[in-house]
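The structure appears below as structure tokens.
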Amino acid sequence: DAAVAGARIRDALYELMRARCRVSPTVLLVDDLHWIDSASEDLLEEFSKASQDLPLLILSTQRPEYKSPWGDEAFASEIRLGSLSARGTADLISARLGTTDLPQELTRLVTEKAEGNPLYAEEITAYLLSRGDLRRDGGVVTYQSSGETGLPVTLENLVLDRFDRLDDRPREFLEAASVVGRRFELDLMDRILGLGGGGAAQDIVDDLKGSELVFADERDGYYQFKHAVVRAAVYDSLLKPRQAELHERVADAIVEARGESIGEAADTVADHYGHTPRAEKAVRYMALAGEQSLAVYSLEEAELRFRQVLELIEKVPGCADDAFHADVLLKLARILYYKAQFFELVRTIEPHLPMVEALGDPKRLSRFLFEVGYAHCFSANQGLGTPLLERALAIGEEAGDEESIGYACMGLMWLLAVWTEPSEESLRDMERLSERAITAARSIGDVWLETKPLFALAYHLNALGRPGPAKRVSLKMLDL
């Protein structure tokens, strides 16, 4: 099931890391750990435990509010960064200006205002350079107040003051880049702004590098904002309609660039369309992102995405048709089944049965009835589950749909296995249903569906006091 599949993926990555550590001591660097998803966090926790027996050092950076599951373990150490000292601030300014001979008034001003924040110290220095109070001539630095009003009171204001001094073209470029995120690539920016290629985006970013608001990442050719605060200051300065317009442009540009191979970008596209009035596109890519998370059994992320889709469908009627709505509900039902949240499955899914009935689609209806009936079976409501599963089977048989037949038979088997007193009669029913379910599973290539009837049959044989036949059936599962 999902838990097993997820564990196998983690085991494979774990063994890959062990193999790497056998080659040489290894350092694993994880930046911005506060953004980690739950599946990756589980894997990293396994790595952290293994580091006690392997030549593995894990280094991570994170915001103070994030607490890792392994943070309190004896093998873990935390280094909290304190504020820069006055000497440290002066050294930072010296490195920034390329000289150790700093005017005392400049050092005092920056040290007092920055209060030990290195980014603030850099931004104050850049601000004074842009305003003309601070000048460099070769290795000589001079500082003289221009008489303008004092420094902006916040870091964001410092950034925006320099941003406001830019020409229209680089300002528009930075606005769009702030919507893309902390990092951006020039080809995408070209599509977003319709620059027409020919190096126009490169010319703009070359000019912006002089402002020290962005810089090139030499590792992969991307560009990025100097700091997340810089990106946030620019983004937050945009009015909501402007934000929505740029989010739509970004999403459209990613879809145009990726075409059918949207891949992992679905999650990013979903987020961008989620900031626009284009709900019909938002739900499509949110669902696609959910499917991708479900495919690797990252269940928390998948559930979050599908619930976002359902919320948006309820909020914006008409953004999706009922068939799409039903498919999202079925995927959410699978997630809740994998998480063994059967009562929640019934509560969330069953109220939509009339909508699925109205579709007139026998396959969707049979699967919907199966999911709800199966959940009732494991919620001690066999009286409610039995007619739903029997109807799911009848609809599947009438439609001649092997998948519907297989799932309905498997559901009825578990109903018998859990809630019926073991007897020769019940065993005959189990064997009959098992044969039908396995035949259907093989016809559609569904290994999970093939194993579930075998498991139910072995369970029932064991309950009848027949461990030998139960073992033989179980071995068939191992063969699969």
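None of the values given here were measured: they were computed from a predicted structure.
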Arg249 side, atom CZ; Glu256 side, atom CD - distance, nearest 0.5 Å: 13.0 Å

Heavy-atom check, side chain of Leu129 versus side chain of Arg96, under 4.5 Å: yes

Pair Glu123 + Lys226: basic N to acidic O under 4.0 Å: yes

Leu59 atom CG, neighbour heavy-atom count above 12 within 6.0 Å: yes

Arg183 NZ/CZ over Tyr223 ring centroid, <6.0 Å and within 45° of normal: no

Any donor-acceptor N/O pair, Asp190 side chain to Gly196 backbone, under 3.5 Å: yes

Heavy-atom neighbours of Glu264 CD exceed 12 at 6.0 Å: no

Close side-chain approach of Val346 to Leu384, heavy-atom, < 4.5 Å: no

Minimum side-chain heavy-atom gap Leu294-Leu299 below 4.5 Å: yes

Any donor-acceptor pair under 3.5 Å from Thr276 side chain to Arg278 backbone: yes

Pair Glu403 + Arg442, salt bridge at N-O below 4.0 Å: no

From CG (Leu480) to CE (Met477), nearest 0.5 Å: 9.0 Å

Close side-chain approach of Val30 and Leu33, heavy atoms under 4.5 Å: yes

Note: Arg305-Glu301 ion pair, threshold 4.0 Å (strictly below): no

Phe342 vs Leu336, side chain to side chain contact (heavy atoms under 4.5 Å, CB included): CA-CA, chis, key distance, verdict: CA-CA 7 Å; Phe342 304 115; Leu336 295 174; over 6 Å; no

Pair Glu402-Tyr407, side-chain donor/acceptor within less than 3.5 Å: no

Considering all heavy atoms, the nearest Ile192-Ala253 contact: CG1-CB, 3.7 Å

salt_bridge(Asp207, Arg169) N-O dist < 4.0 Å: no

Whether Tyr374 and Phe378 hold their rings parallel, tilted or perpendicular, with breakpoints at 30° and 60°: perpendicular

Interatomic distance, Leu57 atom CG to Leu29 atom CG [nearest 0.5 angstrom]: 9.5 Å

From CD (Glu303) to CG (Leu332), nearest 0.5 Å: 6.0 Å

Heavy-atom closest contact (Leu329 atom, Ile349 atom, distance): O-CD1, 3.4 Å

Side-chain donor/acceptor of Ser366 to backbone N/O of Pro362, under 3.5 Å: no

Side chain to side chain contact (heavy atoms under 4.5 Å, CB included) partner of Tyr285, chosen from Ile254, Val255, Asp267: Val255

Test item: Glu248 and His272 side chains (from C-beta on) under 4.5 Å apart, heavy atoms: no

Minimum side-chain heavy-atom gap Asp252-Tyr273 below 4.5 Å: yes

Aromatic Phe225 / basic Arg182 pairing, under 6.0 angstrom, 45° off normal: no

Verdict with supporting geometry, Ser178 and Leu238, side chain to side chain contact (heavy atoms under 4.5 Å, CB included): CA-CA 10 Å; Ser178 75; Leu238 301 174; 4.1 Å; yes

His247 side, atom NE2; Lys240 side, atom NZ - distance, nearest 0.5 Å: 8.0 Å

Centroid-centroid distance, Phe455 to Trp414, less than 6.0 Å: yes

Salt bridge Lys331-Glu291, side-chain N to carboxylate O under 4.0 Å: yes

Minimum heavy-atom distance between Leu369 and Ala392, given as atom pair plus value: CB-CB, 3.8 Å

Exam field: side chain Ser60 to backbone Ile58, donor-acceptor pair closer than 3.5 Å: no

Check ion pair Arg307-Glu311 (N to O, under 4.0 angstrom): no

Lys NZ or Arg CZ of Arg63 over Tyr66 ring: under 6.0 Å, within 45°: no

Nearest non-hydrogen partners of Val356 and Ala326, listed with the distance: CG2-CB, 4.1 Å

Residue pair Val269 / Arg258, side-chain heavy-atom distance below 4.5 Å: no

Sidechain N-carboxylate O distance under 4.0 Å for Lys339, Glu344: no

Close side-chain approach of Leu213 and Leu166, heavy atoms under 4.5 Å: yes

Whether Asp401 side chain and Ser404 backbone form a donor-acceptor pair below 3.5 Å: yes

Lys/Arg cation over aromatic Phe368: Arg364, 6.0 Å, 45° cone: no

Ala441 versus Glu450, closest heavy-atom pair with distance: CB-N, 3.6 Å

is_close_aromatic(Phe184, Tyr222), centroid dist under 6.0 Å: no

Separation of Phe306 CZ from Leu330 CG (nearest 0.5 Å): 10.5 Å

Distance-only polar pair, side chains of Tyr235 and Arg231, donor-acceptor under 3.5 Å: no

Working for side chain to side chain contact (heavy atoms under 4.5 Å, CB included), residues Val372 and Leu353: CA-CA 9 Å; Val372 177; Leu353 183 54; over 6 Å; no

Intermediate values then yes/no, side chain to side chain contact (heavy atoms under 4.5 Å, CB included), Met410 and Leu449: CA-CA 8 Å; Met410 181 267 288; Leu449 177 57; 4.0 Å; yes

Aromatic centroids of His376 and Phe343 separated by under 6.0 Å: no

Exercise: identify the closest heavy-atom pair between Pro277 and Glu280: O-OE1, 4.5 Å

